[in-house]
Amino acid sequence: MYALVDCNNFYVSCERVFAPQLEGRPVVVLSNNDGCLISRSQEAKDLGLKMGEPYHLVRPLLEQHRVQVFSSNYALYGDMSRRVVQVMSSFTPAVEVYSIDEAFLDFSGLDWITKKSDLLTYGQQVRNTVLNYTGIPTCVGIAPTKTLAKLANRLAPRTGPTRTMVLATAADWEPALARVPVDTIWGVGRRYARKLTELGINTGLELARLPEHWLRRHLGGVVGQRLWRELHGQPCLEWNPAEWDDDQLQPNTASRHSVTCTRSFGRPQHQETVLAEAVATFATKAAEKLRRHGQAAHLVTVILGTDRFAPAPGPKTHTAVISLPTSTNDTGMLIKAALQGLRHLRRAGTAYHRAGVLLTGLEPEGQAQLGLFSGSAADQQRSQQLMKAMDGLNARFGRQLVRSAAMGVAKNVDGLLQKPVWAGRAAHCSPRYTTGWDELWQVR
DNA sequence: TCTGGGGTCCTAGGACCC
DNA sequence: TCTGGGGTCCTAGGACCC
């Protein structure tokens, strides 16, 4: 049995933990660059505000109803997420963090749980403990597969103390599937939903009753086949390929395959120096991520994006791939490659709305072969020590205290670091209550 | 002029998720 | 004027090799 624990409206919940007066009031959190709505309190949903709606379109409505608006504060949300996971880990050692606000708990090792009512009680305990220790409300859905656990979570009561739903047998989940539109099923997105409704398949149960081979044929090959099995209570999102050797139903991937850092600019940029500083900054952040995961990259892709919403035809993103002579996670080498890609890519006079750096061809660090172009073993060791020192200082004294010159000079105005000219908008950001020394929550 | 088959690697694109 | 970012997986098709 799996439990899916979902922190509903997680970003709003994080803001409310430190601003309890916002309880019961409409609150929204905006995406990067204050672009669109990515988290809404129930009160905000009740006003008709939709997920992903552009901020500039709903601004009058927000002001009219005095909706509290926040720019996104990932330092805060990431830290709160870590605390929530920590609490959940006390209920089972098998916690799979699925996203910043969701985790699957595997209950199969807990053999004292025998009855459906035990599952319900245990799920409620998870919810109550997370709430008491972190202030973050959650809903819990429990079922034999991840896909059905998602469904159970969705159908869990949104109010009251319980907020847990168990779908233990087909007698539980079939009526549940019959109640939900097909596009609420995990794995059925916009395109598939349209395809299905055109064929008269409107509910989850109608989808589940189609033959397995139909899903394989029409819903993305093995992806559709897995979905069918999951809807019939057969867990297969973590199949071991050895057990299914008649078919390749499970790719065997242990670690991530790419790392990216991309941002929209506050306003379009065309100057080479500005773009270079932005790209160097993204390369730096991506390199840090790489080192945190103990990985190194072979390929650096630079991304420049023009206006995504421009009516003119043609591609809106342009990429250049730089192949490294050896895999690395050295910030300096990655910046150098990224800037080389930028020079290839940039067209003078074009205004770019966003840029980014994508690192692929990943492998565990320390596996680089010494070769003609890769420098000596001593060089590599020196680089690793330098990166370690830099990460240590930045972790201790704040991000980017130690930085590459290519990122540009941080201008110091009245003791405050000035934002780079390409920085996105973030007009409504709350303090980093839990992670910034100078922004800690104050109790008066 | 006729001209196989299998394997691998890479890329682009489409679909999905949060 | 203003529309996020970071991932995943799968498939098809081309290049290349033997």
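Being a predicted model, the structure only gives us computed values, none of them experimental. Each chain gets a letter, A, B and so on, in the order the sequences are listed, and its residues count up from 1. Just the heavy atoms: all of them, side chains too, but no hydrogens, waters or symmetry mates, feed the values below.
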* Determine whether more than 12 heavy atoms belonging to other residues, nucleotides or ligands lie under 6.0 Å from atom OH of Tyr133(A). => no
* Asked: Can you name the nearest heavy-atom pair linking Ala338(A) to Val302(A), along with the distance?
  -> O-CG2, 3.2 Å
* Structure fact -> Taken to the nearest whole Å, CG/Leu227(A) to C1'/dC10(C) is 15 Å
* Once you round it to whole Å, what is the distance between C1' of dC10(C) and NE2 of His257(A)? -> 13 Å
Distance test, side-chain N/O of [X] to OP1/OP2 of [N], below 4.0 Å:
X: Lys285(A); N: dG6(C); answer: no
X: Ser258(A); N: dG6(C); answer: no
X: Arg425(A); N: dT1(C); answer: no
X: Arg354(A); N: dT3(C); answer: no

Between [X] and [Y], a side-chain donor and acceptor under 3.5 Å:
X: Gln42(A); Y: Asp46(A); answer: yes
X: Ser264(A); Y: Asn33(A); answer: no
X: Ser71(A); Y: Asp34(A); answer: yes

Side chain of [X] - closest among [options]:
X: Thr262(A); options: dT8(C), dC10(C), dG6(C); result: dG6(C)
X: Pro54(A); options: dG5(C), dT3(C), dC9(C); result: dT3(C)
X: Val222(A); options: dT3(C), dC10(C), dG6(C); result: dC10(C)

* To do: Using a cut-off of strictly less than 4.0 Å between a heavy atom of the residue and any atom of DNA chain B, enumerate the qualifying residues of residues 58-80 of chain A by number.
  => none
* Asked: Parallel under 30°, tilted from 30 to 60°, perpendicular over 60°: which one fits the rings of Trp186(A) and Phe104(A)?
  -> tilted
* Asked: Angle class for the Trp214(A)/His218(A) ring planes (parallel below 30°, perpendicular above 60°, tilted otherwise)?
  -> tilted
* To do: Mind checking Lys289(A) for me? I need base, sugar-phosphate or nothing, with any heavy atom below 4.0 Å counting as a touch.
  => sugar-phosphate
* Could you tell me which nucleotide pairs with dC18(C) by Watson-Crick or G-U wobble geometry, both distances under 3.5 Å, or answer none if nothing does? => dG5(B)
Within the sub-3.5 Å range, which N or O atoms of nucleotides 16-18 of chain B have a protein N or O partner, and how far apart are they?
{"from": "dC16(B)", "atom 1": "OP1", "to": "Gly189(A)", "atom 2": "N", "distance (Å)": "3.1"}
{"from": "dC16(B)", "atom 1": "OP1", "to": "Tyr192(A)", "atom 2": "N", "distance (Å)": "2.8"}
{"from": "dC16(B)", "atom 1": "OP2", "to": "Arg191(A)", "atom 2": "N", "distance (Å)": "3.3"}
{"from": "dC17(B)", "atom 1": "OP1", "to": "Gly187(A)", "atom 2": "N", "distance (Å)": "2.8"}
{"from": "dC17(B)", "atom 1": "OP1", "to": "Val188(A)", "atom 2": "N", "distance (Å)": "3.3"}
{"from": "dC17(B)", "atom 1": "OP1", "to": "Val188(A)", "atom 2": "O", "distance (Å)": "3.4"}
{"from": "dC17(B)", "atom 1": "O3'", "to": "Trp186(A)", "atom 2": "NE1", "distance (Å)": "2.9"}
{"from": "dC18(B)", "atom 1": "OP1", "to": "Lys150(A)", "atom 2": "NZ", "distance (Å)": "2.8"}
{"from": "dC18(B)", "atom 1": "O3'", "to": "Ser99(A)", "atom 2": "OG", "distance (Å)": "3.0"}
{"from": "dC18(B)", "atom 1": "O3'", "to": "Asp101(A)", "atom 2": "OD1", "distance (Å)": "2.8"}
{"from": "dC18(B)", "atom 1": "O3'", "to": "Glu102(A)", "atom 2": "OE2", "distance (Å)": "2.6"}

* Nearest 0.5 Å please: distance from the CG atom of Leu231(A) over to the CG atom of Leu205(A). => 9.5 Å
